[in-house]
Amino acid sequence: MKLNPFESLYIKLLALYGPRGWWPLTDYAHQPDPLLTTAKGYHPLDYSLPNNDDQRYEICIGAILTQNTTFASVVTALQAIRRVGPITPEVLMGLSDVALKQAIRPVGYFNQKADYLRSFTLWFINRNPKIPTRNALLDLRGLGPETADSMLLYAWKQPQMVVDAYTQRLLFSLKLLPEKSGYSNVKAAIEQAFSQSKTADKVMAFQEFHALIVEHGKLFYSRRPYGLNDPLIAGEDNVQNADELHFNAKG
DNA sequence: AACCAGGACGTGA
DNA sequence: TCACGTCATGGT
């Protein structure tokens with residue numbers, strides 16, 4: 001079978017870094033199989049998560065908190081909340097304004113994000129249907145396209161590709177897309193590249209693809225000039241083991 | 001000591 | 001539609 005350029009890129013990244021185990025959950029250490037558990041809550045090769053509404057909620061809260069910040073800061077904030085109680089809508093709404101802002105202070109923008117968290121939480125409690133539409137999420141304050149797609153992909157397992165700054169820099173650098181394509185064009189191009197896959201395979205691929213791009217982006221696309229020393233540009237020979245994957249985009 | 005981080009929003013052209 | 005300023009802490 002012939003892979004299109006986006007599928008091919010996905011396979012190469014997967015070979016380079018391996019499955020990333022996104023989205024990390026702070027209580028994943030409590031999962032039944034300790035072999036699949038990593039210290040920071042990542043769960044490589046376990047695509048069953050989330051399996052309850054509280055885990056779903058934590059992913060959404062994390063998606064808001066991580067806007068334009070490092071996830072390490074998000075973990076600090078989540079653990080501050082967990083000192084009060086489990087990360088649930090009830091616990092968060094039970095926090096005073098001062099306490100909430102204090103807890104999420106390390107992620108920055110804590111005034112805005114405290115508001116976003118509260119309005120999101122009220123919506124989450126009362127939401128109907130249980131699986132939201134993309135537009136329903138976009139109507140909420142503080143939820144732009146990337147955060148909405150992150151929630152849909154990782155919390156609700158919907159086949160929505162997440163596009164972030166790294167994604168655009170990488171794809172422009174590899175000349176897979178013209179510069180200034182914009183969020184919706186990049187998203188559509190990637191989703192179309194996987195359009196023949198089954199839904200569950202799309203979800204798995206998109207979950208890994210985005211996480212892999214972030215991993216690769218941190219290494220080669222965080223500082224100008226973008227893409228310097230990127231092995232994906234230097235030559236195909238730098239990418240090892242692309243044929244020896246134990247699974248691929250088709251599952 | 002600038003620069004950057006797993007963005008979104010409000011404003012003015 | 002788009003370019004630009006703002007929001008803010010923490011690590012390198």
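Keep in mind the model is a prediction, meaning the values are calculated, not measured. The basis for the numbers below is simple: all heavy atoms, side chains too, and nothing from hydrogens, waters or symmetry mates. Just so we're on the same page: letters track the sequence lines, and every chain starts at 1.
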Mind checking whether Phe209(A) and Tyr10(A) have ring centres under 6.0 Å apart?
-> yes
State whether the aromatic ring of Trp22(A) stacks on the base of dG6(B), taking stacking to mean ring centres under 5.5 Å apart and ring planes under 30° to each other.
-> yes
Which whole-number value in Å describes the distance from Met161(A) CE to dG6(B) C1'?
-> 12 Å
Are Arg127(A) and Asp53(A) ion-paired here, with the side-chain N under 4.0 Å from a carboxylate O?
-> yes
To the nearest angstrom, how far is Arg224(A) atom CZ from dC4(B) atom P?
-> 6 Å
Which nucleotide in the set dT9(C), dG6(B), dC4(B) lies at the smallest distance from any side-chain heavy atom of Phe110(A)?
-> dT9(C)
Is the aromatic ring centre of Tyr166(A) closer than 5.5 Å to the centre of the six-membered base ring of dG6(B), with the two planes inclined by less than 30°?
-> no
dA8(B), dC4(B), dG6(B): which one has an atom nearest the side-chain heavy atoms of Pro145(A)?
-> dA8(B)
What is the distance, rounded to the nearest whole Å, between atom CG of Leu65(A) and atom C1' of dA5(B)?
-> 14 Å
Please tell me which of Arg223(A) and Asn68(A) maps to the more 5' nucleotide of DNA chain C, matching each residue to the nucleotide holding its nearest heavy atom.
-> Asn68(A)
Which nucleotide in the set dA3(C), dG6(B), dA8(B) lies at the smallest distance from any side-chain heavy atom of Lys180(A)?
-> dA3(C)
Does a nitrogen or oxygen in the side chain of Thr147(A) sit under 4.0 Å from OP1 or OP2 of dA8(B)?
-> yes
Should we count CD of Gln192(A) as having more than 12 external heavy atoms under 6.0 Å?
-> no
Interatomic distance at C1', dA1(B) relative to dG11(C), whole Å | 13 Å
In whole Å, what separates the P atom of dG5(C) from that of dC3(B)?
-> 14 Å
Would you kindly compare Trp23(A) and Leu140(A) by the position of their nearest DNA chain B nucleotide and give the one closer to the 5′ end?
-> Trp23(A)
Spacing between Phe71(A) atom CZ and dG11(C) atom C1', to the nearest angstrom | 17 Å
Answer yes or no: is there a side-chain heavy-atom contact under 4.5 Å between Arg169(A) and Phe220(A)?
-> no
Same hydrophobic cluster for Val162(A) and Leu138(A), using side-chain heavy-atom links shorter than 4.5 Å among ILVMFWY?
-> no
Using only heavy-atom distances, decide whether a donor-acceptor pair under 3.5 angstrom links the side-chain of Tyr221(A) to the base of dG6(B).
-> no
Between dG10(B) atom C1' and Gln112(A) atom CD, what is the distance in whole Å?
-> 11 Å
Ignoring the backbone of Tyr116(A), work out which of dT9(C), dC9(B), dG6(B) is nearest its side chain.
-> dC9(B)
Hey, does Glu146(A) reach any base, or is it just sugar-phosphate, or nothing, if we go heavy atoms under 4.0 Å?
-> sugar-phosphate
Output yes when at least one side-chain N/O atom of Arg169(A) is less than 4.0 Å from OP1 or OP2 of dA5(B), else no.
-> yes
Pairwise P distance for dG6(B) and dT6(C), with rounding to whole Å | 24 Å
Nearest-angstrom distance from the residue atom CD1 of Ile64(A) to P of dA5(B) | 21 Å
Length of the line joining Tyr109(A):OH and dG5(C):C1', which is rounded to integer Å = 12 Å
With a non-hydrogen cut-off below 4.0 angstrom, is Gly144(A) in contact with a base, only sugar-phosphate, or nothing?
-> sugar-phosphate
Grab the NE2-C1' distance between His216(A) and dG6(B) for me, whole Å please.
-> 15 Å
How about Gln102(A): does its CD atom have over 12 heavy atoms from other parts shown lying under 6.0 Å from it?
-> no
Just checking Leu143(A): base, sugar-phosphate only, or nothing, at a heavy-atom cut-off of under 4.0 Å?
-> sugar-phosphate
